[in-house]
Amino acid sequence: MNSALSGYTYDDPALAASGVTRGDLAALHASVLWSDADAAALRRAADILVPQTEAILDVWYGFVGANPHLVATFAGADGAPDAAYLADVRGRFGQWIADLCTRDHDARWLAYQDEIAVRHHTTKKNRTDGVDSTSAYVPLRHLIALIVPITVTIRDFLTNGESDPAAVDTMYHAWMKAVTLSVALWARPYSPTTW
Ligand code: HEM
């Protein structure tokens, strides 16, 4: 894993433990139909997706850039997109693809999901990269809605490395479950009492 990546603290021993319990996680796993087969399918997906990371990020960043309401969250103090901010986050977004596919859902994984959550929320947005931004938070509604493009765009990248449609489906469904599970965890600071 890439500990030299700017702002990437997954393996930082100082990372605070998550308040999400093993029971909460087990219930969420059940809600998204998660099984050990999904973890295995994602590890296979990693072999296909990680080498295509830059191409995947080009698609996602193209989508964000084409939508003013999304790119507005990457604004600097003048309200225009901050290139350094976009670039720093892009590095960690690429690492996230590998992490989503390969990391065990253990206490450290839960702790870093909390960290990603607060980085989208008023609690900590802009602080990791030291940005003076006009955007104080990523709106929860868009955080949830982006599950769709982050999911549907991955299928073509899976088919680049796997010709059997059933095997692609297995990886695609595992990806969808993992992304949805992640965003469910990231919603926690937005609704601390009713999460
Ligand atoms: C499924 C939905 C989403 C996924 C998977 C996702 C993923 C990520 C990841 C992996 C990071 C970097 C985490 C780290 O620091 O290690 C990040 C940061 C960020 N994302 Fe998202 N994101 C999603 C939705 C959104 C939406 C909808 C927006 C904008 C409207 C957005 C804007 C940002 C911004 C501005 C940052 C940097 C936050 C900071 O200042 O630290 N994200 N996102």
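The structure presented is a predicted model; accordingly, all values stated were derived computationally and were not measured. One-based numbering, in listed order, for ligands and for the atoms of each. Just so it is clear, the values below take in all heavy atoms, side chains as well, and ignore hydrogens, waters and symmetry mates.
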Open item on the list: At under 4.0 Å between heavy atoms, is it the side chain or the backbone of Tyr10 that contacts ligand 1, or both, or neither?
Closed with: neither
Open item on the list: Judged on heavy-atom distance to atom 37 (C) of ligand 1, which of Tyr85, Trp60, Tyr8 sits nearest?
Closed with: Tyr85
TODO: Given side-chain contact (heavy atoms from CB on, under 4.5 Å), test Ile56 with Leu49 step by step and report yes or no.
DONE: CA-CA 8 Å; Ile56 296 168; Leu49 297 178; 4.0 Å; yes
Open item on the list: Students should be able to answer this: which protein heavy-atom is nearest to atom 38 (C) of ligand 1, and at what distance?
Closed with: Arg119 O, 3.1 Å
Task: Contact check, side chains of Pro149 and Leu146, non-hydrogen atoms, under 4.5 Å - done: yes
- [ ] For atom 29 (C) of ligand 1, grab the closest protein heavy atom and report residue, atom and distance to one decimal in Å.
- [x] Thr73 OG1, 3.3 Å
TODO: Could you establish whether Tyr112 and ligand 1 come within less than 4.0 Å of each other, counting only heavy atoms on the residue side?
DONE: yes
Task: Arg108/Glu115 ion pair, N-O < 4.0 Å - done: no
TODO: For Val183, take its heavy atoms, then give the atoms of ligand 1 lying under 4.0 Å from any of them.
DONE: 1 (C)
- [ ] Grab the two heavy atoms, one from Ser133 and one from Lys125, that are nearest each other, plus how far apart they are.
- [x] OG-NZ, 3.9 Å
Open item on the list: Whether the Asn126 and Tyr85 side chains hold a donor-acceptor pair (N or O, under 3.5 Å, no angle test) is what I'd like checked.
Closed with: yes
Open item on the list: Using side-chain heavy atoms (C-beta onward) and a distance below 4.5 Å, is Ile150 in contact with Trp175?
Closed with: yes
Open item on the list: Looking only at protein heavy atoms, which one is nearest to atom 24 (C) of ligand 1, and what is the separation?
Closed with: Leu143 CD1, 3.4 Å
Task: Sub-4.5 Å side-chain heavy-atom contact between Val183 and Leu143 - done: yes
TODO: Write out the residue and atom name of the closest protein heavy atom to atom 7 (C) of ligand 1, then the distance separating them to 0.1 Å.
DONE: Phe93 CZ, 3.3 Å
Open item on the list: With a heavy-atom distance limit of 4.0 Å, tell me whether Val89 approaches ligand 1 through its side chain, its backbone, both, or neither.
Closed with: side chain
Open item on the list: I'd like to check which ligand 1 atoms, numbered from 1 as shown, lie under 4.0 Å from a non-hydrogen atom of Lys125.
Closed with: 35 (C), 40 (O)
Task: Leu42 side, atom CG; His173 side, atom NE2 - distance, nearest 0.5 Å - done: 12.5 Å
Open item on the list: Are any of the N/O atoms on Asn126, whether in the backbone or the side chain, positioned under 3.5 angstrom from an N/O atom of ligand 1?
Closed with: yes
TODO: With heavy atoms only and a cut-off of under 4.0 Å, state how Val138 meets ligand 1: side chain, backbone, both or neither.
DONE: side chain
Task: atom 13 (C) of ligand 1: the protein heavy-atom neighbour that sits closest, reported with distance to 0.1 Å - done: Ile116 CG1, 3.9 Å
- [ ] Select one of side chain, backbone, both or neither to describe which atoms of Trp186 lie under 4.0 Å from any atom of ligand 1, heavy atoms only.
- [x] side chain
Task: His120, portion touching ligand 1 at heavy-atom distance under 4.0 Å - done: side chain
Open item on the list: At less than 4.0 angstrom from any non-hydrogen atom of Arg92, what atoms of ligand 1 do you find?
Closed with: 14 (C), 15 (O), 16 (O), 41 (O)
- [ ] Determine the sole option in Trp186, Tyr190, Tyr137 for which the ring-ring contact (aromatic ring centres under 6.0 Å, His included) test with His121 is passed.
- [x] Tyr190
TODO: I would like to know whether Arg155 and Asp169 meet salt bridge (Lys or Arg N to Asp or Glu O under 4.0 Å); could you show each step before the answer?
DONE: CA-CA 8 Å; Arg155 197 181 170 90; Asp169 268 355; 2.8 Å; yes
- [ ] Name the closest protein heavy atom to atom 34 (C) of ligand 1, giving the residue it belongs to and the distance to 0.1 Å.
- [x] Phe74 CZ, 3.5 Å
Open item on the list: As an exercise, identify every atom of ligand 1 less than 4.0 angstrom from a heavy atom of His142.
Closed with: 27 (C)
Task: Trp109/Leu25 under side-chain contact (heavy atoms from CB on, under 4.5 Å): CA gap, chis, key distance, verdict - done: CA-CA 11 Å; Trp109 180 80; Leu25 180 59; 4.0 Å; yes
